[in-house]
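Computed over heavy atoms, backbone and side chain alike; hydrogens, waters and symmetry mates excluded.
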Amino acid sequence: MSAKKILIVEDEQPIREMIAFLLSRAGYETIEARDSREAREQIADNRPDLALVDWMLPDISGLELTRMLKRDEDYEDLAVIMLTARAEERDKVSGLDGGADDYITKPFSPRELVARIQAVLRRAGSSSDEVVTAGVLQLDTAGHRVLASGKEIRLGPTEYRLLQFLMTHPERVYSRTQLLDRVWGANVYVEERTVDVHIRRLRKALSDAGADDYIQTVRGAGYRFSVKDV
Ligand code: CA
């Protein structure tokens, strides 16, 4: 349920499949892209936690792709690890300049690959194992549960993801469209009022704990998570 999702961006199919095999054996969910155009579609649609980006891609370079992703605030939670060939190692500094969280030189051992991914995901924080606290609420991302004043609250999977997004992005107003993109994934064709339905369910689940007013409606704009009074 809480398996981390990793996007593998590599044009060479045997390498891509080998990495996908290693990562799924290590317990990760994997998705694949052959070039940066596919990578951006996959990122928008499937919201991976981490992207492994090969330096040499057929359309634009992995470095350029990394720069684009790191400039986009929609993808602030996405960790990026660049893959470079030995000959390109002198470029590692510019790889990190481009905003990559780490880089791995090919060829690499399976153990090294998995260890580096674990380390980056741990550092990436917000969406990996941690406890987020706001007012009476505690969201335990490792245990995938929500406590209100220490008592567990049962939430459906969508309400959980919605609350996780809101609690990790407090004090900002998100429109229904932005919430659909960030929680459901772009290009998922659901109506905007679906957001209202799930917000209503979430508030209902939080109401016994008196935390329903943490989710505030901002008229004409969207929703905001805040523990302060309106
Ligand atoms: Ca390549």
Revision key, fill the gap. dist E10:CD -> L83:CG (nearest 0.5 Å) comes out at 7.0 Å
Review point. Hey, does I153 have a side-chain heavy atom less than 4.5 Å from the side chain of E159?
Key: no
Practice item. Treating Ile, Leu, Val, Met, Phe, Trp and Tyr as nodes and any side-chain heavy-atom pair under 4.5 angstrom as an edge, say whether M167 and V218 lie in one connected cluster. Key: no
Study note, to complete from the structure: In terms of heavy-atom contacts, V227 and A134 come closest through CG1-C, 3.7 Å
Practice item. Only counting residues at least two apart or in another chain, list the ones meeting side chain to side chain donor-acceptor pair (under 3.5 Å) with Y28. Key: none
Point to revise | Partners passing side chain to side chain donor-acceptor pair (under 3.5 Å) against D196 (at least two apart in sequence or in another chain) | key: R176, Y223
Exercise for review: Grab the two heavy atoms, one from A148 and one from A209, that are nearest each other, plus how far apart they are.
Suggested key: CB-CB, 3.3 Å
Exercise for review: Using only heavy-atom distances, determine whether the side chains of E17 and Q13 contain a donor-acceptor pair under 3.5 Å.
Suggested key: yes
Point to revise | Qualifying residues under salt bridge (charged side-chain N to carboxylate O under 4.0 Å, His left out), relative to R200, sequence neighbours excluded | key: none
Practice item. Return yes if some donor-acceptor pair links the side-chain N/O of Q178 with the main-chain N/O of S175 below 3.5 Å, else return no. Key: yes
Review point. Is there a chain of hydrophobic side chains (I, L, V, M, F, W, Y, each step under 4.5 Å between heavy atoms) that links L202 to V136?
Key: yes
Practice item. Hey, could you give me the CZ/CZ distance between R71 and R67, rounded to the nearest 0.5 Å? Key: 8.0 Å
Check your understanding: Looking at CD1 of I199 and CD of Q216, how far apart are the two atoms once the value is rounded to the nearest 0.5 Å?
Key -> 11.0 Å
Exercise for review: Using side chain to side chain contact (heavy atoms under 4.5 Å, CB included) as the criterion, list what pairs up with S24, not counting sequence neighbours.
Suggested key: none
Point to revise | salt bridge (Lys or Arg N to Asp or Glu O under 4.0 Å) evaluation trace for D59 with R34 | key: CA-CA 10 Å; D59 49 1; R34 287 170 301 187; over 6 Å; no
Revision key, fill the gap. Applying side chain to side chain donor-acceptor pair (under 3.5 Å) to K204 and not counting sequence neighbours gives none
Revision key, fill the gap. Scanning both residues in full, the closest heavy-atom pair of Q138 with V131 reads NE2-CG1, 4.0 Å
Review point. Say you draw a straight line from CD of Q42 to OG of S36; how long is it, rounded to the nearest 0.5 Å?
Key: 13.0 Å
Review point. Are L52 and R16 close enough that some pair of their side-chain heavy atoms sits under 4.5 Å apart?
Key: no
Practice item. Mind checking the CD1-CD1 spacing from I117 to I81? Nearest 0.5 Å is all I need. Key: 5.0 Å
Revision key, fill the gap. E112 meets the salt bridge (charged side-chain N to carboxylate O under 4.0 Å, His left out) criterion, sequence neighbours left out, with R116
Review point. With sequence neighbours excluded, what pairs up with R193 under the salt bridge (charged side-chain N to carboxylate O under 4.0 Å, His left out) test?
Key: E191
Practice item. State, to 0.1 Å, how close A20 and E32 come at their nearest heavy-atom pair, and which atoms those are. Key: CB-OE2, 3.4 Å
Review point. Donor-acceptor pair, E12 side chain versus P14 backbone, under 3.5 Å?
Key: no
Revision key, fill the gap. When every non-hydrogen atom of D101 is compared with those of A79, the smallest separation belongs to OD2-CA, 3.3 Å
Exercise for review: Linking directly or through intermediates, with side-chain heavy atoms under 4.5 Å: list the remaining ILVMFWY members grouped with V53, chain and number order.
Suggested key: L7, V9, I31, I43, L57, I60, L65, M68, L69, Y75, L78, V80
Exercise for review: Please check if the side chain of K4 supplies one atom and the backbone of L121 the other of a donor-acceptor pair under 3.5 Å.
Suggested key: no
Exercise for review: Taking the side chain as every heavy atom from C-beta outward, state whether F225 and L163 have any pair of such atoms under 4.5 Å apart.
Suggested key: yes
Check your understanding: Once you round to the nearest 0.5 Å, how far does OG of S226 lie from CD1 of I215?
Key -> 11.0 Å
Exercise for review: State, yes or no, whether a side-chain contact exists between T141 and Q164 at a heavy-atom distance under 4.5 Å.
Suggested key: yes
Check your understanding: Is there side-chain contact between L137 and L206, with heavy atoms separated by less than 4.5 Å?
Key -> yes
Point to revise | Cluster check M18, I8: I/L/V/M/F/W/Y, side chain < 4.5 angstrom | key: yes
Point to revise | Worked check of side-chain contact (heavy atoms from CB on, under 4.5 Å) between L155 and L162 | key: CA-CA 10 Å; L155 294 177; L162 188 56; over 6 Å; no
**Study point:** salt bridge (Lys or Arg N to Asp or Glu O under 4.0 Å) partners of residues 131-148, not counting sequence neighbours, each pair once
**Key:** D140-R145, R145-E152
Review point. Would you call D77-R47 a salt bridge at under 4.0 Å N-O?
Key: no
**Study point:** Selection residues 147-168 - residue pairs positive for ring pair (Phe, Tyr, Trp, His ring centres under 6.0 Å), sequence neighbours left out
**Key:** H144-Y160, F165-H169, F165-Y174
Check your understanding: Side chains of V195 and L180: closer than 4.5 Å at any heavy-atom pair?
Key -> yes
Review point. Under a single-linkage definition using a 4.5 Å side-chain heavy-atom cutoff for Ile, Leu, Val, Met, Phe, Trp and Tyr, are V132 and L179 assigned to the same hydrophobic cluster?
Key: yes
Exercise for review: Answer yes or no: is there a side-chain heavy-atom contact under 4.5 Å between K106 and F108?
Suggested key: yes
**Study point:** E192: side chain to side chain donor-acceptor pair (under 3.5 Å) partners, not counting sequence neighbours
**Key:** T177
**Study point:** Qualifying residues under salt bridge (charged side-chain N to carboxylate O under 4.0 Å, His left out), relative to D74, sequence neighbours excluded
**Key:** R182
Check your understanding: Do the non-hydrogen side-chain atoms of I19 and I6 ever get within less than 4.5 Å of each other?
Key -> no
**Study point:** Distance-minimising heavy-atom pair for G222 and V173
**Key:** N-CG1, 4.1 Å
